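Before any comments, here is the structure.
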Amino acid sequence: MKKYTNIYDIDNIPEMIQEAIQLKEKPFAYKNLGTNKTLVMLFFNASLRTRLSTEKAAKNLGMEVMVLNVNDAWDLEFEDGTIMNFNTSEHVKEAAQVISQYSNIIAVRAFPSLIDKEKDASELILNSFIKYATVPIVNMESATMHPLQSLADAITIEELKMTKKPKVVLSWAPHPKALPQAVANSFVAMMKNIDVDFSITHPKGYELNPEITMNVSIHYNQKEALKDADFVYTKNWSSYTDYGKVISEDIDWMMTKDKLNGAKFMHCLPVRRNVVVEDAVLDSEASVVIQQANNRTYAAQIVLKKILENL
Ligand code: CP
């Protein structure tokens with residue numbers, strides 16, 4: 001594997017999931033693979049799970065890890081040809097090449113602005129590192145995608161499914177803040193590439209990018225959509241059409257134990273209790289969010305392993 005910026009960088013997704021499950025059984029089986037190799041993790045935004053699970057994954061493979069909170073460094077310029085006499089101090093052209101001197105793999109987290117739809121869609125930060133770095137890039141959540149999360153989600157479904165082709169529903173939930181569509185986008189892309197009966201439910205106005213949801217059934221009636229579901233992935237995202245706006249905080253869309261009706265509850269975390277999902281779900285056996293979070297390590301580890309094997 002040359003990079004992992006979206007799930008399409010995986011040659012064979014079902015095989016990758018199985019290999020991740022095997023790694024989970026023997027996490028130190030390749031502890032020499034990363035000897036004398038360094039992962040640099042760049043955070044433009046906050047993180048708990050991604051930061052710790054990716055570091056743990058790298059260390060399980062014997063890598064050194066360095067973390068840079070980019071906001072503590074020089075303000076970076078991303079536009080070409082800019083006269084840099086304002087706030088930015090260093091161009092990404094130099095920064096990406098310099099960071100490449102210290103690393104064998106660079107992982108980047110850079111959220112969208114949720115203001116400029118076209119700029120967010122262009123993935124300027126992630127693509128600048130892909131363009132100017134001289135080492136492989138891993139996406140730790142970009143403007144539009146969170147492929148490490150969706151790989152962990154697919155691993156979790158594979159581990160827990162009771163039928164060959166489980167019914168999986170992505171259900172929008174209310175949230176007071178405007179959140180990115182990245183987790184939902186990557187989850188949809190992943191579900192389209194594994195053997196599940198997949199659908200999405202959300203209020204009108206919360207349609208995701210139609211290029212991503214093409215051929216997926218979308219329901220505006222949550223109750224009907226959730227009928228007979230095996231897994232319910234609950235997630236807020238801001239409007240894609242009315243870009244970045246919170247157009248509904250309808251608490252009727254919060255996930256409850258009644259609505260789940262025996263299905264497994266999934267969420268990427270962090271999650272707002274009694275806004276996105278009621279306590280009775282999170283505190284019950286139906287919730288698999290901790291298993292999902294644990295699987296973030298093995299999703300990252302299989303990705304880093306594949307990249308290290310290709311260096
Ligand atoms: N799910 C997830 O990416 O969590 P963090 O934002 O804490 O990394």
Side-chain angles (χ1 to χ4, degrees), residues 1 3-10 20 39-58 65 67-71 76 78 92 96 99 105-117 119-130 133 136-156 170 175 177-191 208-209 212 233-238 240 243-244 266-272 276 289 292-304 307:
M1 185 183 263
K3 64 179 177 62
Y4 187 60
T5 54
N6 64 58
I7 67 157
Y8 307 111
D9 289 320
I10 303 174
L39 171 70
V40 169
M41 298 199 290
L42 303 177
F43 286 93
F44 289 79
N45 306 96
S47 170
L48 187 156
R49 279 143 290 273
T50 305
R51 177 169 173 164
L52 296 179
S53 62
T54 308
E55 180 163 347
K56 183 172 163 69
V65 179
V67 180
L68 179 66
N69 295 319
V70 181
N71 295 335
L76 289 181
F78 288 91
V92 66
I99 296 163
I105 301 173
I106 299 173
V108 182
R109 164 164 282 203
F111 289 171
S113 65
L114 292 179
I115 295 165
D116 185 333
K117 189 176 189 172
K119 194 168 178 183
D120 288 346
S122 78
E123 293 281 12
L124 182 62
I125 296 179
L126 182 71
N127 282 332
S128 296
F129 279 95
I130 292 170
I137 299 295
V138 172
N139 180 352
M140 297 194 295
E141 188 171 347
S142 64
T144 66
M145 289 288 169
H146 195 355
L148 285 173
Q149 181 65 53
S150 60
L151 182 55
D153 300 336
I155 293 166
T156 309
L170 173 62
H175 197 285
K177 283 177 66 180
L179 297 188
Q181 295 105 26
V183 168
N185 287 343
S186 278
F187 188 71
V188 173
M190 180 59 84
M191 291 305 106
L208 292 162
N209 181 342
I212 295 170
Y233 201 107
T234 305
K235 182 74 184 85
N236 170 268
W237 59 88
S238 57
Y240 178 73
Y243 191 66
M266 300 182 75
H267 191 284
C268 60
L269 302 180
V271 69
R272 291 194 183 218
V276 170
V289 297
Q292 273 177 273
N294 185 31
N295 283 334
R296 290 293 307 274
T297 299
Y298 307 102
Q301 196 170 333
I302 192 65
V303 164
L304 293 174
I307 294 174

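Please read these numbers as outputs of a predicted model, since none were measured by experiment. The figures here come from the full heavy-atom set of this structure, side chains too, leaving out hydrogens, waters and symmetry mates.
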Please find the pair of heavy atoms, one from [X] and one from [Y], that lie closest to each other, and give the distance.
X      : Y      : result
Ala300 : Ser53  : CB-O, 4.4 Å
Ala58  : Val65  : CB-CG2, 3.6 Å
Ala189 : Tyr8   : CB-OH, 3.5 Å
Asn127 : Ser122 : ND2-O, 2.8 Å
Met145 : Ala182 : N-CB, 3.5 Å
Lys177 : Asn236 : O-OD1, 4.0 Å

Check whether any side-chain heavy atom of [X] lies under 4.5 Å from a side-chain heavy atom of [Y], and answer yes or no.
X      : Y      : result
Thr50  : His146 : yes
Ile105 : Leu304 : yes
Tyr243 : Pro112 : yes

Nearest 0.5 angstrom please: [X] [atom1] to [Y] [atom2], how far?
X      : Y      : atom1 : atom2 : value
Leu179 : Leu114 : CG    : CG    : 8.0 Å
Ile7   : Leu148 : CD1   : CG    : 12.0 Å
Thr156 : Met266 : OG1   : CE    : 5.0 Å
Gln149 : Glu141 : CD    : CD    : 8.0 Å
Leu126 : Leu42  : CG    : CG    : 11.0 Å
Asn139 : Phe129 : CG    : CZ    : 12.5 Å

Sequence-distant partners of Ser47, side-chain hydrogen bond (donor to acceptor under 3.5 Å, both in side chains), two or more places apart: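 Partners of Ser47 under the side-chain hydrogen bond (donor to acceptor under 3.5 Å, both in side chains) test: none.
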
For [X], what residues pass the salt bridge (Lys or Arg N to Asp or Glu O under 4.0 Å) criterion, not counting sequence neighbours?
X      : result
Glu55  : Lys59
Lys56  : none
Lys117 : none
Arg296 : none

Verdict with supporting geometry, Val303 and Leu151, side-chain contact (heavy atoms from CB on, under 4.5 Å): CA-CA 10 Å; Val303 164; Leu151 182 55; 3.9 Å; yes

Stepwise side-chain contact (heavy atoms from CB on, under 4.5 Å) check, Ile125 with Phe78: CA-CA 7 Å; Ile125 296 179; Phe78 288 91; 3.8 Å; yes

Test log, rule side-chain contact (heavy atoms from CB on, under 4.5 Å), inputs Met191 and Leu170: CA-CA 10 Å; Met191 291 305 106; Leu170 173 62; over 6 Å; no

Say whether, by atom type as modelled, one donor and one acceptor occur between the side chain of [X] and the main chain of [Y] under 3.5 angstrom.
X      : Y      : result
Gln181 : Ser238 : yes
Gln292 : Ala152 : no
Asp120 : Ser113 : yes
Arg109 : Met140 : yes

Distance-only donor-acceptor check, side chains Thr144 and Asn185, under 3.5 Å: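 Short answer, no.
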
Criterion side-chain contact (heavy atoms from CB on, under 4.5 Å) on Leu39 and Thr54, from CA distance to verdict: CA-CA 9 Å; Leu39 171 70; Thr54 308; 4.0 Å; yes

Partners meeting ring-ring contact (aromatic ring centres under 6.0 Å, His included) with Tyr233 (sequence neighbours left out):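 Tyr233 satisfies ring-ring contact (aromatic ring centres under 6.0 Å, His included) with Phe187 only.
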
